[in-house]
Number of protein chains: 2
Amino acid sequence: MPTTTRITERRDDALSRERIVAAAIAMLDASGEGGLTVRGLAATLNTGLGALYWHVKNKSDVLVAATDAVLADALATDSADLTPEEAIRAVALGVFDAFDAHPWIGVQLSRLESQGTTVQMLERLGQQLRALGVPGKLQFDAAAALRNYILGVAAQNAALATSVAPGTRRDDVLGAMADTWADLDPTEYPFTHGVADHLRNHDDRDQFLSGVNWLLAGITAPH
Amino acid sequence: MPTTTRITERRDDALSRERIVAAAIAMLDASGEGGLTVRGLAATLNTGLGALYWHVKNKSDVLVAATDAVLADALATDSADLTPEEAIRAVALGVFDAFDAHPWIGVQLSRLESQGTTVQMLERLGQQLRALGVPGKLQFDAAAALRNYILGVAAQNAALATSVAPGTRRDDVLGAMADTWADLDPTEYPFTHGVADHLRNHDDRDQFLSGVNWLLAGITAPH
DNA sequence: ACCTGAACACCGTTCAAGT
DNA sequence: ACCTGAACACCGTTCAAGT
C-alpha cells in the first residue's frame with residue numbers, strides 16, 4: 001500500500017549506497033586498485049566527503065560491496081539444462097571472465113572479510129558434485145578444492161594485469177615474460193626455459209579449464 | 001684474495017638492504033600487512049627516513065624482496081630421494097606452511113611484479129612432472145595448474161588470517177563461520193548448510209593436500 | 001534526514017644539508 | 001658513501017555546522 005508522500009520520491013541523481021558502489025566499480029575498472037580514492041569518488045559524484053560516509057561505512061565497505069556485486073553478477077547464470085560437469089565449468093569460467101574484466105577483484109578476494117559471494121560459489125559447486133554422485137564425506141573437500149583453484153587462478157591471473165601499467169597489452173606482458181624465461185640458464189631451469197614458447201602461445205582460458213577438468217577427473221575417479 | 005681495508009669492514013649494525021628486508025618481515029609477521037610503514041621501519045632500525053631510501057627503491061621494493069625471501073626459504077628443501085609425487089607434495093606443503101607462518105604473502109602474491117620466486121616453484125613442479133612421464137605438450141599446463149592451485153589455496157587461506165584482528169585464534173574464526181553456514185536457509189543453501197559441521201572439524205592441510213592429489217590423479221590418468 | 005567542507009592524523013617520497 | 005630530518009603532496013576519516 002504505497003502512499004504518495006514526498007519522502008518516498010527520489011531524484012534520479014540522489015546519492016545512495018548503490019550509486020556509490022557503481023561509481024566505485026567504474027573507477028576501479030578504469031584505473032585499477034590504486035585508482036579508487038574517497039576524494040575521487042566524491043568528485044565523480046559531485047558531492048562532499050562527508051556525504052559518502054553517511055551512506056557507507058568506510059572505504060573497505062565500498063570495496064567489499066563492489067566485489068560482491070561483480071561476483072554475484074558472474075554467478076547469475078542459469079545452469080538448469082546443463083550436465084553437472086558443464087555447470088561446474090560454467091561457474092569456473094564465469095568467475096574467470098569476471099576477473100578478466102575486473103582485475104582488481106583478485107587482490108580484494110585475498111582479503112575478503114565477508115565471505116559473502118564466495119559462499120554462493122561453494123553452494124553451486126557443491127550441488128553439482130552431489131549430482132555427480134561424489135560420496136558425502138568427500139563433497140566438502142572437493143567443492144573447496146574447486147573453489148580454491150578457481151579463485152586462485154583468477155587471482156593469479158589478475159596479478160598479471162595489475163602489476164603492469166594499465167593499458168599494457170596482455171600479449172606484450174606474456175611476451176616479455178616469455179623472453180625472460182627463454183633467457184634462463186637451461187641447466188638450472190631446464191623446464192621453465194623449455195616451455196618459454198608455450199607461454200608465448202598458450203590460451204589462458206584453455207589452460208585454466210584444463211585444471212578444472214583434471215580436478216574433476218581426480219574427484220570422480222574410483223579410489 | 002681479501003685485502004684488509006677499512007672499506008670492506010662493516011659494523012654489525014650497519015644499515016643494509018638485507019637488514020631492512022629482515023626488519024620488514026618481522027614487522028609484517030607481528031602486525032600484518034597494514035603494520036608495515038616506512039616510518040615504523042626507520043624507527044625499528046634507529047635511522048632516518050631518507051637512509052632507507054638509500055638502500056631500497058621504495059616500499060613496494062621491500063615488500064617484493066620480503067616475499068621472495070620467505071618463498072625462497074620455503075622452497076629450499078632437498079627432494080633428492082623422493083618420488084616425483086612426493087616431491088610435488090613437498091613443494092605444495094612447503095608453500096602452504098610458509099603462508100601459514102606469514103599470512104601477508106597472500107595479498108602480496110596477488111600483485112607480484114617480479115615473478116621471481118614463483119618461477120622457481122614452476123621449475124620444481126615441471127621437473128617432477130617430466131619425471132612422472134607427463135607428455136611434453138601437457139607439462140606446461142599441468143605445472144601451471146599445480147602452481148595456481150597451490151598459490152590460490154594458500155592465498156585464500158591467508159585471507160582468513162588477514163581479515164580478522166591479529167591474534168584471533170583460527171579455530172574461533174572457523175567456528176564463527178561454521179555457525180553462519182549452519183544458519184543458512186537449508187532450502188536455498190542445501191550444500192553449504194549441510195557441510196557446516198565439516199568446516200568446523202576439517203583439517204586445512206589435509207584438505208589442501210586432497211586437491212593436490214586430485215590434480216595429480218587427473219594429470220597422470222590415461223586420456 | 002541528508003549534505004558540506006574544514007580539520008586531523010596519518011601516509012610514502014624527496015631533497016638540501018650534513019658527516 | 002651514507003645518513004638526517006624537515007617539507008611536500010597526498011591519504012582516509014571525523015565532525016561541527018548547515019539545510
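Lettering of chains follows the sequences in order, A, B, ..., and the numbering in each one begins at 1.
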- Task: Provide, to the nearest angstrom, the distance between the CG atom belonging to B:L52 and the P atom belonging to D:dT4.
- Result: 9 Å

- Message: Nearest whole Å is fine: how far is D:dC3 P from B:L41 CG?
- Response: 14 Å

- Whole Å only: how far is the CZ atom of A:R19 from the P atom of C:dC2? 14 Å

Listing time: all N or O pairs from protein to nucleotides 7-11 of chain C that are below 3.5 Å?
| unit_1 | atom_1 | unit_2 | atom_2 | d |
| --- | --- | --- | --- | --- |
| C:dC11 | N4 | B:R39 | NH2 | 3.4 |

- Message: What is the distance, to the nearest angstrom, from the OH atom on B:Y53 to the P atom on C:dG12?
- Response: 7 Å

- Item | Under 3.5 Å donor-acceptor, B:D206 side chain and B:H202 backbone | no

- Whole-Å distance separating the CH2 atom of B:W54 from the C1' atom of C:dG18: 14 Å

- Message: Could you tell me how far apart A:L63 (CG) and D:dG12 (P) are, to the nearest whole angstrom?
- Response: 10 Å

- Note on the structure: Separation between CD (B:Q108) and OG1 (B:T67), nearest 0.5 Å, reads 4.0 Å

- Mate of C:dT19 across any strand shown (Watson-Crick or G-U wobble, both atom pairs under 3.5 Å) is D:dA1

- What interatomic distance, in whole Å, is found between P of D:dC2 and the corresponding atom of C:dA17? 22 Å

- Item | Under 3.5 Å on both distances, the Watson-Crick or G-U partner of D:dA7 | C:dT13

- Query: For A:K57 and D:dT14, what is the distance between atoms NZ and C1' respectively, to the nearest whole Å?
  - Reply: 15 Å

- Query: Taking OP1 and OP2 of C:dC3, is either one under 4.0 Å from a side-chain nitrogen or oxygen of A:H55?
  - Reply: yes

- Query: Does any non-hydrogen side-chain atom of A:R205 lie less than 4.5 Å from one of A:D97?
  - Reply: yes

- Work out which heavy atom in A:A65 is nearest to a heavy atom in A:V21; give both atom names and the distance. CB-CG2, 3.7 Å

- Using only heavy-atom distances, determine whether the side chains of B:D185 and B:T187 contain a donor-acceptor pair under 3.5 Å. yes

- Task: Taking B:Y149 for its side chain and B:F208 for its backbone only, find out whether a donor-acceptor pair lies under 3.5 Å.
- Result: yes

- Note on the structure: Of all heavy-atom pairs linking B:A196 and B:A182, the shortest is CB-N, 3.7 Å

